[in-house]
Student: 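Let me give you the structure first, and then I'll get to my questions.
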Amino acid sequence: GGFYVAIESVDPSTWQNTATVVTKLDANGSILWTQQYSTLTYAETREIEATANGGFVFMTMEDSGSYNGCIRLISCNSSGGILWSKMFLTSAWYYASALVQCGNGDFVISITKVDASLNHYLLLMRVSSSGSLIWCTESPASSTEATQGMVCSGNEFYISTATNGLTHQLYKYSSTGSCIWARTISIPSFIHYGWVYGITVNNGKVCMVGNARNLGNYYEGHIEEFDTAGNLLNSGFLFTGVKTDLNDVTYNAAGDIVLTGSVRAGFAASDTLSMYLAVGDLAAGTICGYIPFPFTVTVDTPLVASNISLTSITTGTTSSFAMLTSTGSLIQIGCIVGVEEFSSAAAHLYPNPTNDILTIENSSGQATFHLYNNLGQCVQTVNLVGTKTEISVGELAEGIYYYDVVDENGKVYSDKLVIQ
């Protein structure tokens with residue numbers, strides 16, 4: 001009934017990661033013990049997993065020099081004593097990892113691997129409960145594709161990835177490392193990029209949640225639900241706000257989906273941030289309850305733990321709701337905080353593509369133009385006065401950019417700009 005928490009320990013004189021620190025808490029959050037485990041320089045503590053024997057396994061990614069990436073697994077008993085430690089080494093750089101324990105006690109590791117030529121691979125490893133390597137496979141991955149999460153169902157497992165935030169992928173693998181199927185979900189055109197933060201599987205359903213950033217730099221909670229054959233059941237956006245995260249997801253004993261996350265009303269230091277926990281059945285289009293935990297965001301806001309009663313949640317406030325299916329309606333829960341889009345006739349940019357002077361016409365007469373690169377960085381901001389403005393973009397690198405035009409009433413028009 002307790003918890004294991006793993007963090008990186010950093011040497012303040014060099015700012016290099018030098019150890020992993022694991023703390024065990026009881027069910028009430030009281031510290032039982034803390035242990036420190038030595039690692040190589042530039043180690044990153046990535047995953048910790050409670051094991052069937054009451055102990056835990058944690059994984060680090062370490063740099064042994066000359067572009068050699070090390071994957072280290074350390075298995076410990078419930079007192080923090082090391083049972084075994086294994087290191088796996090190749091000439092590559094690792095990032096974006098996931099670790100799970102299978103039904104028979106084996107561990108599966110999913111890692112995004114990048115070699116010296118910047119080629120991307122999805123690396124999968126299966127390790128026995130005693131640390132012996134059972135198999136290791138890798139397959140080419142798209143450029144910038146990164147592992148987001150993994151979950152096991154018996155001895156089969158599901159891996160979620162994202163490619164530059166523009167698509168989400170879900171893979172199903174067998175116990176021998178063979179890919180059973182792969183599915184790709186394209187992010188809608190009004191979304192700049194998105195992430196997957198949580199994944200779960202139960203009773204024939206796989207659910208992934210995260211957030212998506214639209215072209216106006218607002219974040220919306222994003223959810224995707226599949227059956228175990230890879231068919232998309234539900235996809236859409238929850239708890240829309242200026243900055244919304246769906247951080248994790250699971251199914252309860254009744255088969256309802258349980259979500260945790262946060263909704264923030266703005267970006268200033270004094271903004272209100274509401275944490276929430278919601279329980280509901282997406283297929284039926286219902287959310288049983290929505291419990292907010294509002295507090296004011298400051299630099300020194302402490303982490304506060306709250307006891308949550310499922311009884312109070314299921315009798316809590318039920319918000320308005322609409323489902324998004326493959327045919328296209330939008331999920332909305334709670335108050336929408338954001339900006340209203342206006343017609344493309346209200347803002348007109350030409351020529352597109354361009355290589356020098358861009359002309360912006362807007363009927364409102366006063367607006368602000370923002371231009372973003374494909375990393376989401378704002379590379380140009382121009383205040384538009386009058387109905388026609390010319391700006392120079394000739395100094396920018398060739399590529400696809402995204403822009404928005406925000407009028408004085410907060411209405412937004414956004415689209416894509418190609419610079420040749």
Side-chain angles (χ1 to χ4, degrees), residues 143-144 162-167 186-195 210-222 237 239-245 262-273 297 299 330 335-420:
S143 175
T144 72
T163 302
N164 202 24
L166 300 179
T167 60
S186 297
I187 302 300
S189 59
F190 62 87
I191 295 298
H192 193 174
Y193 48 77
W195 299 263
N211 71 18
R213 178 178 176 181
N214 63 33
L215 297 179
N217 280 333
Y218 295 90
Y219 291 78
E220 303 177 79
H222 191 210
F237 300 92
F239 306 109
T240 54
V242 171
K243 188 174 189 314
T244 302
D245 289 319
S262 62
V263 178
R264 186 169 179 174
F267 294 112
S270 59
D271 292 335
T272 297
L273 177 70
V297 178
V299 175
L330 179 67
C335 177
I336 298 178
V337 181
V339 291
E340 178 183 356
E341 290 194 2
F342 58 90
S343 167
S344 59
H348 181 51
L349 281 70
Y350 61 89
N352 188 6
T354 185
N355 59 8
D356 189 10
I357 300 300
L358 178 67
T359 300
I360 306 173
E361 294 182 352
N362 74 97
S363 59
S364 66
Q366 186 170 351
T368 304
F369 169 80
H370 304 97
L371 187 63
Y372 306 93
N373 62 21
N374 61 8
L375 298 177
Q377 300 165 330
C378 185
V379 296
Q380 198 167 45
T381 299
V382 179
N383 292 323
L384 308 178
V385 179
T387 59
K388 186 175 181 179
T389 305
E390 292 185 345
I391 64 173
S392 174
V393 294
E395 73 280 3
L396 297 175
E398 295 182 358
I400 297 176
Y401 291 76
Y402 300 88
Y403 67 86
D404 61 43
V405 178
V406 184
D407 74 3
E408 56 188 346
N409 296 317
K411 294 183 178 181
V412 174
Y413 171 63
S414 57
D415 209 335
K416 181 167 59 178
L417 174 68
V418 177
I419 297 180
Q420 296 180 335

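Just so you know, residue 1 is the first one in the sequence shown, and it goes up from there.
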Student: If you round to the nearest 0.5 Å, how far is OG1 of Thr387 from CD1 of Ile360?
Tutor: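 Reported value, rounded in 0.5 Å steps: 12.0 Å.
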Student: Using the rule given for side chain to side chain contact (heavy atoms under 4.5 Å, CB included), can you reason through Ile391 versus Leu371, listing the C-alpha separation, both sets of side-chain angles and the distance that settles it, and then say yes or no?
Tutor: CA-CA 11 Å; Ile391 64 173; Leu371 187 63; over 6 Å; no
Student: Supply the atom-to-atom distance Thr354 OG1 to Leu349 CG, rounded to the nearest 0.5 angstrom.
Tutor: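 These two atoms lie 10.0 Å from each other.
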Student: When rounded to the nearest 0.5 angstrom, what distance separates OG1 in Thr389 from CD in Glu361?
Tutor: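 It is 9.5 Å, given to the nearest 0.5 Å.
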Student: Considering non-hydrogen atoms only, spot the tightest contact between Asn355 and Gln420 and give its length.
Tutor: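 So the minimum-distance heavy-atom pair works out to CB-O, 3.2 Å.
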Student: Which residues satisfy the side chain to side chain contact (heavy atoms under 4.5 Å, CB included) test with Ile357, sequence neighbours excluded?
Tutor: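 With sequence neighbours excluded, Ile357 shows a side chain to side chain contact (heavy atoms under 4.5 Å, CB included) to Glu390, Ser392, given in chain and number order.
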Student: Taking all non-hydrogen atoms of both residues into account, name the closest pair between Phe369 and Val405 and its distance.
Tutor: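 Closest heavy-atom pair between Phe369 and Val405: CD1-CG2, 4.1 Å.
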